[in-house]
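What follows is a set of notes on a single structure, which appears directly below.
Protein chains get the first letters and strands the later ones, always in sequence-line order, with residue 1 at the start of each.
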There are 2 protein chains.
Amino acid sequence: MSQHRHPGAPGRAGAVPALPDLPEATVARLPEYLRALHNLADAGHETISSEGLSAAAGVNSAKLRKDLSHLGSYGTRGVGYDVALLIEQIEYVLGLTQRRAVALVGVGNLGHALAGYDGFASRGFRIAALLDADPSRVGEEINGLVVRHVDELPAVATEESIAIGVIATPAAAAQRVADQLVAVGVTSILNFAPCVLSVPEGVDVRKVDLAIELQILSFHEHRKASLTALPATGGSALTALPGGLAATDTQEAIGT
Amino acid sequence: MSQHRHPGAPGRAGAVPALPDLPEATVARLPEYLRALHNLADAGHETISSEGLSAAAGVNSAKLRKDLSHLGSYGTRGVGYDVALLIEQIEYVLGLTQRRAVALVGVGNLGHALAGYDGFASRGFRIAALLDADPSRVGEEINGLVVRHVDELPAVATEESIAIGVIATPAAAAQRVADQLVAVGVTSILNFAPCVLSVPEGVDVRKVDLAIELQILSFHEHRKASLTALPATGGSALTALPGGLAATDTQEAIGT
DNA sequence: CGCGATTTGTGCACGTCTTCACAAGCGCCT
DNA sequence: AGGCGCTTGTGAAGACGTGCACAAATCGCG
Ligand SMILES: NC(=O)c1ccc[n+]([C@@H]2O[C@H](COP(=O)([O-])OP(=O)(O)OC[C@H]3O[C@@H](n4cnc5c(N)ncnc54)[C@H](O)[C@@H]3O)[C@@H](O)[C@H]2O)c1
Ligand SMILES: NC(=O)c1ccc[n+]([C@@H]2O[C@H](COP(=O)([O-])OP(=O)(O)OC[C@H]3O[C@@H](n4cnc5c(N)ncnc54)[C@H](O)[C@@H]3O)[C@@H](O)[C@H]2O)c1
């Protein structure tokens with residue numbers, strides 16, 4: 001189609017990136033759009049309307065358009081968005097043009113699953129190192145990678161630039177590991193241990209906590225139960241849940 | 001301490017619960033407070049100030065007080081909150097007074113890790129069934145539970161009331177599994193597969209996607225890099241990141 | 001060449017969430 | 001009994017996020 005001069009495009013090296021500072025809510029949705037776009041590309045679509053893409057990503061179409069407008073992406077009115085171009089743009093903004101190296105610390109129950117997960121590679125990341133403190137685990141080979149002792153972290157960090165550290169140790173060890181990661185220059189951490197990490201300014205921590213997710217679901221379960229129990233009148237089944245019930249940033253009732 | 005008559009207390013059966021409809025943001029933080037409170041209780045604290053608890057949970061103290069005020073919790077001015085009482089209240093609101101049964105579908109790489117995870121039991125849940133479609137996996141015993149075929153889901157659901165379904169299958173199978181869960185009456189789903197599920201109204205879906213978390217971190221990594229690259233003046237190290245950088249609902253820079 | 005169908009980009013209004021700042025309440029000490 | 005220091009609970013303001021609704025832009029077709 002008409003070749004647009006999109007700002008901060010991947011191809012143009014050299015120039016200042018000029019990253020627009022996106023709203024956090026938008027940043028959190030971009031990966032979802034990206035996944036949907038890859039699916040669409042695989043299915044042979046060359047363009048997609050905001051309506052179609054928003055359905056595939058499970059969000060409101062107006063929200064999607066606003067999100068995309070923030071990153072200066074140009075769709076074509078009357079047509080939609082160029083799938084390949086949009087993928088390129090989003091990957092650029094998310095910093096996925098370089099395959100980022102991930103260090104995984106704690107190769108236990110969960111760590112094993114993560115180490116064997118192919119979703120890392122297919123979505124822009126590369127496990128660069130597996131680390132554990134247990135001597136009996138060190139030396140084990142998983143998916144072509146050998147588990148090394150966590151004290152070798154500084155050595156690992158000099159071998160290659162670690163972009164992200166993943167903590168899958170017990171909570172009691174998580175803070176120490178975080179400190180070690182920070183010490184070797186890691187500024188982004190994904191924490192699976194159920195605890196609060198304290199890190200210096202400039203270091204980002206995201207947390208995934210299974211139990212929290214379950215407890216949030218439990219709350220809604222509890223609430224739904226208390227709602228259906230209340231109507232003292234007849235006792236009709238659950239119909240027309242009040243509007244405000246929808247989960248936070250989660251999909252609900254997309255409509256079959 | 002003085003025995004308060006707190007509304008909707010766990011002990012009092014019978015009476016209408018009168019669940020206040022909490023802001024979603026608050027609901028999402030309650031589990032974090034609960035975890036922090038359990039830690040404090042184990043450490044021997046009988047009371048805790050909003051300042052202390054908020055530090056342990058990694059949030060702003062004003063926010064914590066407002067959250068707790070929403071659920072009508074009574075602290076004591078000049079003293080703080082009674083740890084045991086607060087645990088009881090939060091567990092009640094989250095619906096954790098009954099140990100909820102979880103059905104785990106997809107006992108592969110990730111499913112195995114989840115099945116062997118003791119954080120379920122310790123935080124109010126009980127794995128009631130392990131299900132898989134692969135005949136070679138059916139019959140395997142994990143942690144005292146035998147893997148059953150996913151088609152037995154209806155039977156499982158009649159044996160005991162499944163409160164929450166966890167999907168740990170490949171994305172391609174997730175929608176089908178969700179439909180099966182909904183068909184047997186499950187109204188809360190935790191989805192680990194990277195895809196959008198469509199479910200009827202009244203069913204809550206929460207999603208955990210590792211790659212999304214990593215990509216959000218990647219964005220900030222990218223942004224930090226472009227910021228330190230910009231200052232054409234001298235080139236001092238990264239200091240004083242602009243205020244708006246903090247991650248969404250995640251902790252950052254708690255201060256060492 | 002012009003027109004209608006289609007779809008983007010966005011102004012605006014509304015709701016939710018966060019944070020400050022402080023009055024009211026409580027317990028302890030004198 | 002009274003005062004003092006500490007802590008909660010909350011009003012108000014502002015930041016942020018959402019979704020409607022529509023003007024502007026583009027394409028395809030007659
Ligand atoms: N297993 C799950 O499904 C699951 C789910 C959610 C969260 N989690 C959390 O993830 C974390 C790991 O869970 P898990 O089940 O894999 O536990 P695990 O005990 O099986 O594995 C922990 C691993 O960390 C290693 N380790 C301990 N201290 C270390 C240190 N200082 N440095 C490096 N490695 C160290 C141990 O040697 C072990 O291999 C826990 O915090 C758990 O709460 C696990
Ligand atoms: N492994 C990880 O660390 C990880 C991390 C994040 C997300 N995920 C996601 O979790 C899901 C599972 O990952 P995995 O690594 O465990 O994959 P896996 O292939 O090891 O396991 C999938 C399991 O699901 C079973 N299954 C397939 N279709 C089914 C059906 N219709 N009903 C019931 N069971 C069925 C398979 O037999 C297999 O045992 C994937 O969607 C993956 O993207 C995995």
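For a distance-only test at 3.5 Å, the side chain of Lys66(B) qualifies as a donor-acceptor partner of the base of dT19(C).
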Restricting both atoms to N or O, compile the protein contacts to nucleotides 23-25 of chain D shorter than 3.5 Å, with distance only.
unit_1	atom_1	unit_2	atom_2	d
dA24(D)	N3	Arg77(A)	NH1	2.8

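Between the axis at the start and the axis at the end of the helix from dC1(C)-dG30(D) to dT30(C)-dA1(D) there is an angle of 0°, using five pairs per end and rounding to 10 degrees.
Residue-to-nucleotide proximity on DNA chain C shows that, of Pro23(B) and Val79(A), the 5′-proximal contact is made by Val79(A). Both Leu68(B) and Asp67(A) lie close to DNA chain D; mapped to their nearest nucleotides by heavy-atom distance, the more 5′-ward contact belongs to Leu68(B).
Per the geometry, CZ belonging to Arg65(A) stands 10 Å off P belonging to dC20(D), to the nearest Å. When rounded to the nearest whole Å, the span between CG of Leu53(B) and C1' of dT8(D) equals 13 Å. Look at NZ on Lys63(B): it is 8 Å from C1' on dC17(C), rounded to the nearest Å. Atom NE2 in His70(B) sits about 11 Å away from atom C1' in dT16(C), given to the nearest Å. Atom CD in Glu24(A) sits roughly 12 Å away from atom P in dT18(D) (whole-Å rounding). Atom pair Gln89(B):CD and dT8(D):C1' shows a separation of 15 Å (rounding to whole Å applied). When rounded to the nearest whole Å, the span between CG of Leu86(B) and C1' of dT8(D) equals 13 Å. Taking atom CD of Glu51(B) as the reference point, atom C1' of dT19(C) lies 13 Å away to the nearest angstrom.
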Note to self: Between Leu71(A) and Leu22(A), is the side-chain contact (heavy atoms from CB on, under 4.5 Å) condition met? List the steps.
What the structure shows: CA-CA 7 Å; Leu71(A) 51 91; Leu22(A) 308 173; 4.2 Å; yes
Checklist line | side-chain hydrogen bond (donor to acceptor under 3.5 Å, both in side chains) between Thr47(A) and Asp82(A), intermediate numbers included | finding: CA-CA 4 Å; Thr47(A) 64; Asp82(A) 181 300; over 6 Å; no
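Looking at every heavy atom in both residues, His222(A) comes nearest to Leu94(B) through ND1-C, 4.1 Å. Nearest heavy-atom pair, Ser198(A) versus Asp179(A), reported as atom, atom and distance to 0.1 Å: O-OD1, 4.2 Å. Of all the heavy atoms in Leu181(A) and Gly165(A), the pair that sits closest is CD1-CA, 4.1 Å.
Two residues are said to be in side-chain contact when any heavy atoms from C-beta on lie closer than 4.5 Å; Leu68(A) and Leu86(A) meet this criterion. Considering only heavy atoms from C-beta on, Gln89(A) stays 4.5 Å or farther from Tyr74(A) through its side chain.
Between Asp204(A) and Lys224(B), at least one side-chain N (NZ, or NE/NH1/NH2) sits under 4.0 Å from a carboxylate O, which counts as a salt bridge. The pair Arg35(B)-Glu32(B) meets the salt-bridge criterion, with a side-chain N (NZ, NE, NH1 or NH2) lying under 4.0 Å from an Asp/Glu carboxylate O.
The side-chain hydrogen bond (donor to acceptor under 3.5 Å, both in side chains) search around Thr169(A) returns none, not counting sequence neighbours.
Residue Tyr81(B) places at least one side-chain N or O under 4.0 Å from the OP1 or OP2 atom of dG9(D). Between Arg29(A) and dT18(D), a side-chain N or O to OP1/OP2 separation shorter than 4.0 Å is present. The side chain of Asn60(B) places an N or O atom within less than 4.0 Å of a non-bridging phosphate oxygen (OP1 or OP2) of dC20(C). One finds a side-chain N or O of Ser50(A) lying less than 4.0 angstrom from the OP1 or OP2 phosphate oxygen of dT8(C).
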